[in-house]
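Written below as structure tokens is the structure these notes are about.
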Amino acid sequence: MKNKIVVIGSSNVDLIMKMDRLPEKGETITDAGFFQVYGGKGANQAVGAARAGGKVAFVNCVGNDAYTPQMLENFRNDGLDIRFVFQETDIASGHALVMIGGEGNNYLSVAPGANYKLTPELIDRSIPVIDEAAMIIMQYEIPVETIKYVFRIAEAKDIPVMWNFAPARSFDLSYVAKTAILVVNETEAAFLCGQQVETDEEVELAAKKLQELGAKLVIITLGKRGAFALSATEKVAVPAFKVNAVDTTSAGDVFCGSFAVAQTEGKSLTDSLRFASTASAICVTRIGAQPSAPTRKEIDEFIGNNYVEKSHSIVI
Ligand code: RIB
């Protein structure tokens, strides 16, 4: 039976500096706190989904540096199926430099390293686990040709793809039509639509445009303002929980992983959005990408203990 969430994407070693405010251009900030954790959008989504209760396989390429053995050990400890995490010996794993300022805002710079060695040939070798997929999740930190190749395989095998178009950079927009669930933040939505996405009206307009490009379900995450979703039959706005944010770094990744779990469990669109928003809310109260992803118990308890503001759900 096809019951796995198969995440195909990146993994990184995150080197974090936490400071009271982000520096100006050319400025040096002293007294920062330093943390080394594990990240990468693909790995964060895989770990987020596994901790939220999903059966998850991760398809990725790591390198050969001092950090990599612990990265792989962490994947095993989170119960990920890593039979198709490949290892290259002549390159480092992906690395990210993360600067976190006040209110958890960040600057991020990524050196892809071995993530760019995840070629279509390695995807061919991963077909046994792709054949077990109830859903595939991708982001945009692996080679373009690999993403396109996976889209074509998924279409041929009739496997729904959740595509988190992050980080935003140019791509052949015809592939949006191959997306079952497109997840973007306001910046990524603006990049794809070529228009400003700030007000509620602009958010809805952008979602309509992305729907016209062929995405079956469009989700625009709005940070402190929650999330907006549009499908052929439903329009849902879910407010965010009010929490004390210290680091927003992997909030979008945790959202995607936990949303996939909720959908593959058969939850409604509104309940899936609430579940994912809760997981993100917990995530931003902690520092670091993978250390911040909440467990299923934490998500369920948070939902149980907190007043859930009414979501606006309209059947179209
Ligand atoms: O989305 C957050 C992630 O982006 C970080 O963990 C970093 O590694 C980059 O990939």
Side-chain angles (χ1 to χ4, degrees), residues 7-18 22 34-52 58-63 65 67-68 70-72 74-75 78 80 85 91-101 104-118 137-144 146-147 162-169 183-189 191 219-223 227 245-260 276 279-294:
V7 181
I8 302 179
S10 60
S11 59
N12 288 332
V13 176
D14 285 1
L15 304 173
I16 303 173
M17 291 279 178
K18 166 93 172 128
L22 293 170
F34 174 73
F35 307 85
Q36 182 269 308
V37 300
Y38 291 91
K41 293 186 191 304
N44 297 345
Q45 294 182 12
V47 167
R51 292 201 194 143
F58 186 36
V59 177
N60 168 239
C61 189
V62 297
D65 56 54
Y67 294 109
T68 302
Q70 185 62 53
M71 182 191 276
L72 296 173
N74 291 351
F75 293 157
D78 270 308
L80 301 185
V85 171
I91 193 166
S93 290
H95 278 64
L97 286 181
V98 186
M99 293 173 102
I100 306 170
N105 297 323
N106 62 36
Y107 286 147
L108 236 156
S109 167
V110 176
N115 290 307
Y116 274 12
K117 299 270 184 179
L118 188 66
I137 313 183
M138 289 195 289
Q139 318 73 34
Y140 199 176
E141 286 187 327
I142 56 171
V144 175
T146 304
I147 296 176
M162 174 195 281
W163 191 24
N164 176 216
F165 183 75
R169 52 208 166 101
V183 184
V184 285
N185 64 21
E186 295 118 306
T187 313
E188 292 144 7
F191 183 94
I219 300 175
I220 304 185
T221 56
L222 306 165
V246 297
D247 175 18
T248 58
T249 305
S250 56
D253 300 333
V254 163
F255 182 98
C256 290
S258 48
F259 186 83
S280 288
I282 298 170
C283 171
V284 301
T285 64
R286 302 165 176 171
I287 290 181
Q290 283 159 44
S292 303

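When a ligand or atom number is given, it counts from 1 through the structure's own listing order. Because the structure is a prediction, the values reported are computed rather than measured. In this chain, residues are counted from 1 in sequence order.
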Subject >> Atoms in ligand 1 flagged as close to Asp253, the criterion being non-hydrogen separation under 4.0 Å >> reply: 1 (O), 2 (C), 3 (C)
Original post:
Say you draw a straight line from CD1 of Ile287 to CG of Asp14; how long is it, rounded to the nearest 0.5 Å?
Top reply: 12.5 Å
**OP:** List every atom of ligand 1 that sits less than 4.0 Å from any heavy atom of Glu141, numbering the atoms from 1 in the order shown and giving each element.
**Re:** 4 (O), 9 (C), 10 (O)
**OP:** Could you tell me which residues satisfy side-chain hydrogen bond (donor to acceptor under 3.5 Å, both in side chains) with Ser10, sequence neighbours excluded, listed by chain and number?
**Re:** Glu141
**OP:** Using a 4.0 Å heavy-atom cut-off, say whether Val98 meets ligand 1 through its side chain, its backbone, both or neither.
**Re:** neither
**OP:** Select the closest option to atom 4 (O) of ligand 1 among Lys41, His95, Gln45, Gln290, judged by heavy-atom distance.
**Re:** Lys41
Subject >> Atoms in ligand 1 flagged as close to Asn12, the criterion being non-hydrogen separation under 4.0 Å >> reply: 7 (C), 8 (O), 9 (C), 10 (O)
Original post:
Taking only heavy atoms of Gly39, which atoms of ligand 1 are found under 4.0 Å from at least one of them?
Top reply: 6 (O), 8 (O)
Subject >> Heavy-atom gap Gly40 to ligand 1 smaller than 4.0 Å >> reply: yes
Subject >> Sub-4.0 Å atoms of ligand 1 with respect to non-hydrogen atoms of Leu108 >> reply: 7 (C), 9 (C)
Subject >> Numbering as shown, the atoms of ligand 1 that approach Ala96 to under 4.0 Å (heavy-atom distance) >> reply: 7 (C), 8 (O)
Original post:
For ligand 1, which atoms, with element, lie under 4.0 Å from some heavy atom of Thr249?
Top reply: 1 (O), 2 (C)
**OP:** Give the residue, atom name and distance (to 0.1 Å) of the protein heavy atom nearest atom 5 (C) of ligand 1.
**Re:** Asp14 OD2, 3.3 Å
Original post:
Between the side chains of Asn74 and Gln290, does any donor sit under 3.5 Å from an acceptor?
Top reply: no
**OP:** Please identify which atoms of ligand 1 are closer than 4.0 Å to at least one heavy atom of Ala289.
**Re:** 6 (O)
Original post:
What is the nearest protein non-hydrogen atom to atom 3 (C) of ligand 1, stated with its residue, atom name and distance?
Top reply: Asn44 ND2, 3.6 Å
